[in-house]
Amino acid sequence: MLDDVVIVGAGPVGATLALALAEGDLDVAVLDARAAFETLRGDRSLALSHGARLTLERLGVWGALAAMPDAATPITRIDISQAGGFGAMQLAAEEQGLPALGYVVSYRALQLVLDAALARSRVGLRHGATVSAVGGTPAYAAVTLDEPQSEPLLALLAAVADGTGATVAGIARRRHDYGQVAVIAKVWTATPHAGLAYERFTPDGPMALLPEGDHYGLVWTATPDRAEVLQAQDDETFLAGLARRFAKRGGVFTKVTQRRSFPLAMEFATEPASARCVVLGNAAQTLHPVAGQGFNVGLRDAWELSQIVLDTPRDDVGDRAMIDRYLRARRTDRIAGIAFTHGLVGIFGNDAPLVRWPRGLALTLLDAVPAAKRAFTRAMLFGLH
Ligand SMILES: Cc1cc2nc3c(=O)[nH]c(=O)nc-3n(C[C@H](O)[C@H](O)[C@H](O)COP(=O)(O)OP(=O)(O)OC[C@H]3O[C@@H](n4cnc5c(N)ncnc54)[C@H](O)[C@@H]3O)c2cc1C
């Protein structure tokens, strides 16, 4: 049997694509290695843009997410500053005429509401189905399961959102290792966060405090050696170091839990497609979490692909012309997301004294020049077009 679309991976990006395609009358099969209502990794905080919220609203999952306690915390203001420099800027939702600049969303909660919506939809989702390879001919894609004696699934289009793209051969990738580690943790402050997020650029790299329920989600970029020290410190020493880094911003830190760390790298497919196959989400681009762009770019991949598939006559789904339309439609936003994130790290992550002035100036100018600030805000909210 030939499906119209097989989606590999029902993480946030694959599930979004599946739900968007459920509006059409296509045969869509979704495969995911994990069990239903489980996430493979621990929880993590996703910074969701206002535009991403609109997409989740359109799919009918935002209401359920917002109704879960502490699952989606509005960011009403962002304070951006740099250690030892001059620049600082604040962005406020009300200045943009929006209820929130974005939201901090629990990955696990998002996955739960997406799984529940998929279970209610007409899309066939198979959990516990690990895909070992995705290949294609000009006529169809073949998706091989890691199950002895099982026949490959054939489809007009394979959409791979497995988080790494590991199942697809023949896609060229570029990788940049930042030589840095992100230490993440939950931290509490003496006064409630009131929706205020912080992004701070330090000599070691960027740091962020994201309001999340009754606490902050911390992302602290450090060298691998320094990260090991941070992980080993007792809570009091860790909190004192954090306060020094934030130099009075963020208020008084009172408690820290769940410290974890992971190496930071950027990886992206130079062309996220091969015969009868598109890779999207983290499988197409894994970005540094500094600008909170990763999931937002992935969600736009999923939405755009769904609209192009739904606009394509059934017999032409997955052919080269359709894939080229998708690649063209995503090129600018995708490259901008990669360049914007990489640029932020490149500009702010470098502590050569000579570049401290310009980067401080750049931040100050953004604050002082409304048009630039608006452009910057729009880029954070909706992506660059
Ligand atoms: C610590 C951290 C913080 C982050 N913070 C942010 C942030 O603030 N904002 C933001 O926008 N992004 C952030 N990101 C990125 C964000 O997590 C990803 O963009 C998002 O998870 C991508 O979703 P995805 O569906 O593409 O992939 P994933 O979430 O990795 O999902 C992949 C799915 O595919 C399934 N799968 C994998 N392999 C197979 C296989 N062989 N066969 C079948 N199924 C398979 C998995 O079970 C999983 O369900 C962060 C990432 C990290 C690591």
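Counting convention: from 1, in listed order, for ligands and their atoms alike.
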Contact region, T167 to ligand 1, non-hydrogen atoms below 4.0 Å, reads side chain
Do T312 and R325 get their side chains close enough for a donor-acceptor pair, meaning under 3.5 Å?
-> yes
Candidate with minimal heavy-atom separation from atom 49 (O) of ligand 1, of L48, V279, D162, D32 | D32
Less than 3.5 Å between some nitrogen or oxygen of N282 and one of ligand 1, yes or no?
-> yes
Any N or O of F262 that comes nearer than 3.5 Å to an N or O of ligand 1?
-> no
Would you tell me whether Q180 and T221 have side-chain atoms, one donor and one acceptor, within less than 3.5 Å of each other?
-> no
Have a look at A10, S49, A33 and point out the one with the heavy atom closest to atom 45 (C) of ligand 1.
-> A33
Of all heavy-atom pairs between R259 and L230, which one has the smallest distance, and what is that distance?
-> NH1-O, 2.8 Å
If you measure from CZ on F268 to CD1 on I335, what distance do you get to the nearest 0.5 Å?
-> 8.0 Å
Of L280, T55, V13, the residue whose pairing with L299 passes side chain to side chain contact (heavy atoms under 4.5 Å, CB included) | T55
Short N or O distance, F295 and ligand 1, threshold 3.5 Å exclusive = yes
Any chance the side chains of D311 and Q307 put a donor and an acceptor closer than 3.5 Å?
-> no
List every atom of ligand 1 that sits less than 4.0 Å from any heavy atom of G281, numbering the atoms from 1 in the order shown and giving each element.
-> 26 (O)
Under 3.5 Å: N/O of A47 near N/O of ligand 1 | yes
Measure centre to centre between the rings of F246 and W220, then say whether the value is under 6.0 Å.
-> no
Are E57 and R53 close enough for a salt bridge, meaning some N to O gap below 4.0 Å?
-> yes
Report, in ascending order of atom number, the atoms of ligand 1 lying under 4.0 Å from any heavy atom of A129.
-> 42 (N), 43 (C)
Ligand 1 atoms in contact with V13 (distance to a heavy atom under 4.0 Å) = 23 (O), 24 (P), 25 (O), 26 (O)
Backbone, side chain, both or neither: what part of A166 comes under 4.0 angstrom of ligand 1, heavy atoms only?
-> neither
If we only count N/O pairs under 3.5 Å, is V131 in contact with ligand 1?
-> yes
Is it true that the side chains of S261 and Q231 contain a donor and an acceptor less than 3.5 Å apart?
-> yes
Check against salt bridge (Lys or Arg N to Asp or Glu O under 4.0 Å), D4 and R314 | CA-CA 8 Å; D4 293 311; R314 196 169 192 156; 2.8 Å; yes
So, Q285 versus D301: side-chain donor-acceptor pair below 3.5 Å or not?
-> yes
Just which atoms of ligand 1 are under 4.0 Å from any heavy atom in G294?
-> 10 (C), 11 (O), 12 (N), 19 (O)
Numbered in order shown, the ligand 1 atoms found under 4.0 Å of a heavy atom of A161 are 32 (C), 33 (C), 34 (O)
Within the structure, does R34 bring an N/O atom to less than 3.5 angstrom of an N/O atom in ligand 1?
-> yes
Between A182 and ligand 1, find which residue part has any heavy-atom pair under 4.0 Å and reply side chain, backbone, both or neither.
-> neither
Considering only heavy atoms of N296, which atoms of ligand 1 have at least one such atom less than 4.0 Å away?
-> 11 (O)
Go through ligand 1 atom by atom and flag the ones less than 4.0 Å from a non-hydrogen atom of G9.
-> 34 (O), 35 (C)
Atoms of ligand 1 less than 4.0 Å from G11 heavy atoms?
-> 25 (O), 31 (O), 33 (C), 49 (O)
